[in-house]
Student: 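Have a look at this one.
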Amino acid sequence: MAEHSKNKALFQASFVYDRETLDDFERMYLDKKTISVPARIVLAVIGVAGAVYFGLSLYREGIRFGWESVAQVGYLLICSVMIVLAVSRGKARPDDTLDKYRKYYTDRRCTFQVDEEGVEMHLEKQKNYARSKFREIYGLYETERCFYFVIKGKAYYILPKGAVRGGTVEELRRYMERKCQKKFQSQ
């Protein structure tokens, strides 16, 4: 696993993952996986229009053996999926990510640092440090309470804003955006 960094930390934090922080993570995680109302409206309009157009085309012309009919059936299926996504109310399907974070993080002390090379996190009772270079951070999210750095699809560094030391929250935000070449998405 990753070795402890010997670089000078620009920003640090030491905190305990409490219920409020993990509740904030749960809200952010579920909101991130939810399809917004405007997106659902666009999906519904395009899906219905496409389903009507391709459905009527297939009805009038019939299904023939050839690429044109195969393409029309494919487009009709895609439009149907768009309609299903639109009416699903954009809710995320549950997964075990939130349970894992609650199980492994609740009431555990975490030390966190951001240096010139990347981000490092050490969770109490873990032998190894989690370390990611800036280019390995795929997304930046922010709530009123916390910063979230997405490392992999379901792996996050969670940093409560109140724990940030070595600079202001605004300085950390600008630094991370510049180093990761991404903007924070607010939730």
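Note that this is a predicted model, so its numbers are computed, not measured. Along the sequence shown, residues are numbered consecutively beginning with 1.
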Student: For Tyr148, what residues pass the side chain to side chain donor-acceptor pair (under 3.5 Å) criterion, not counting sequence neighbours?
Tutor: Asp24
Student: For Glu177, look at atom CD and say whether over 12 heavy atoms of other residues, nucleotides or ligands are found less than 6.0 Å away.
Tutor: yes
Student: Using ring pair (Phe, Tyr, Trp, His ring centres under 6.0 Å) as the criterion, list what pairs up with Tyr17, not counting sequence neighbours.
Tutor: Phe15, Tyr105
Student: State yes or no: are the ring centers of Phe184 and Tyr141 separated by less than 6.0 Å?
Tutor: no
Student: Are Val70 and Tyr53 co-members of a hydrophobic cluster defined by side-chain heavy atoms under 4.5 Å apart?
Tutor: no
Student: For Arg145 and Thr21, what are the C-alpha separation, side-chain angles and deciding distance, and is it a side chain to side chain contact (heavy atoms under 4.5 Å, CB included)?
Tutor: CA-CA 8 Å; Arg145 183 179 178 85; Thr21 300; 3.4 Å; yes
Student: Compare all side-chain heavy atoms of Thr143 with those of Arg27 and state whether any distance is below 4.5 angstrom.
Tutor: no
Student: So, the side chain of Asp96 versus the backbone of Asp99: is there a donor-acceptor pair under 3.5 Å, distance only?
Tutor: no
Student: Applying side chain to side chain contact (heavy atoms under 4.5 Å, CB included) to Glu120 and Asp115, what does each step give before you reach the verdict?
Tutor: CA-CA 8 Å; Glu120 180 177 285; Asp115 59 35; 5.5 Å; no
Student: Just jot down the salt bridge (Lys or Arg N to Asp or Glu O under 4.0 Å) partners of Arg174, sequence neighbours excluded, or say none.
Tutor: Glu170
Student: When rounded to the nearest 0.5 angstrom, what distance separates CZ in Arg131 from CE in Met121?
Tutor: 13.0 Å
Student: Are Leu159 and Tyr104 linked, directly or through intermediate hydrophobic residues, by side-chain heavy-atom contacts shorter than 4.5 Å (ILVMFWY only)?
Tutor: yes
Student: To the nearest 0.5 Å, how far apart are OH in Tyr129 and CD in Gln113?
Tutor: 8.5 Å
Student: Heavy atoms, side chains only, cut-off 4.5 Å: are Leu98 and Phe25 in contact?
Tutor: yes
Student: Taking salt bridge (Lys or Arg N to Asp or Glu O under 4.0 Å) as the test, write out the residues that go with Glu20, two or more places apart.
Tutor: none
Student: Find the distance between CG (Leu22) and CD1 (Ile158) and round it off to the nearest 0.5 Å.
Tutor: 6.0 Å
Student: Among pairs that include at least one residue of residues 101-111, which meet salt bridge (Lys or Arg N to Asp or Glu O under 4.0 Å), considering only residues two or more places apart or in two chains?
Tutor: Asp23-Arg102, Glu26-Arg102
Student: Report the residues that fulfil side chain to side chain donor-acceptor pair (under 3.5 Å) with Tyr157, sequence neighbours left out, ordered by chain and then residue number.
Tutor: Ser132
Student: Looking at Glu124, I'd like to know if its CD atom is crowded, meaning that more than 12 non-hydrogen atoms belonging to other residues, nucleotides or ligands lie closer than 6.0 Å.
Tutor: yes
Student: Roughly how far, to the nearest 0.5 Å, is CD of Gln185 from CE of Met28?
Tutor: 10.5 Å
Student: Under a 4.5 Å cut-off applied to non-hydrogen side-chain atoms, are Lys179 and Val114 in contact?
Tutor: no
Student: Search all heavy atoms of Ala51 against all heavy atoms of Cys79 and return the closest pair with its distance.
Tutor: N-CB, 3.7 Å
Student: To the nearest 0.5 Å, tell me how far Glu136 CD sits from Phe134 CZ.
Tutor: 11.0 Å
Student: CD/Gln181 to CZ/Arg135 distance, rounded to the nearest 0.5 angstrom?
Tutor: 11.5 Å
Student: Among all residues two or more places apart in sequence or in another chain, which pass the side chain to side chain donor-acceptor pair (under 3.5 Å) test with Thr111?
Tutor: none
Student: Quick one: salt bridge (Lys or Arg N to Asp or Glu O under 4.0 Å) partners of Lys133, sequence neighbours excluded?
Tutor: none
Student: Report yes or no: do Val42 and Ile78 belong to one cluster of Ile/Leu/Val/Met/Phe/Trp/Tyr joined by side chain heavy-atom distances under 4.5 Å?
Tutor: yes
Student: Could I get the full list of ring pair (Phe, Tyr, Trp, His ring centres under 6.0 Å) partners for Phe11, not counting sequence neighbours?
Tutor: Tyr175
Student: Hey, any chance Leu77 and Phe54 share a hydrophobic cluster, counting ILVMFWY side chains that come within less than 4.5 Å of each other, even indirectly?
Tutor: yes
Student: Of the non-hydrogen atoms in Ser57 and Gln72, which two are nearest, and what is the gap between them?
Tutor: CB-NE2, 3.5 Å
Student: For Lys182, which residues count as a salt bridge (Lys or Arg N to Asp or Glu O under 4.0 Å) partner, sequence neighbours excluded?
Tutor: none
Student: Indicate yes or no: at least one non-hydrogen side-chain atom of Cys180 is less than 4.5 angstrom from one of Leu140.
Tutor: yes
Student: Under the rule for side chain to side chain contact (heavy atoms under 4.5 Å, CB included), what residues qualify as partners of Val81, not counting sequence neighbours?
Tutor: Leu85
Student: Can you hop from Val48 to Val45 via hydrophobic side chains spaced under 4.5 Å?
Tutor: no
Student: For Lys161, what residues pass the side chain to side chain donor-acceptor pair (under 3.5 Å) criterion, not counting sequence neighbours?
Tutor: Glu142
Student: Using the six-membered ring wherever Trp is involved, compare the ring planes of Tyr29 and Tyr156 and label them parallel, tilted or perpendicular (cut-offs 30° and 60°).
Tutor: perpendicular
Student: How far apart are the C-alpha atoms of Val119 and Phe112, what are their side-chain angles, what is the distance that settles it, and do they pass the side chain to side chain contact (heavy atoms under 4.5 Å, CB included) test?
Tutor: CA-CA 8 Å; Val119 177; Phe112 199 96; 3.5 Å; yes
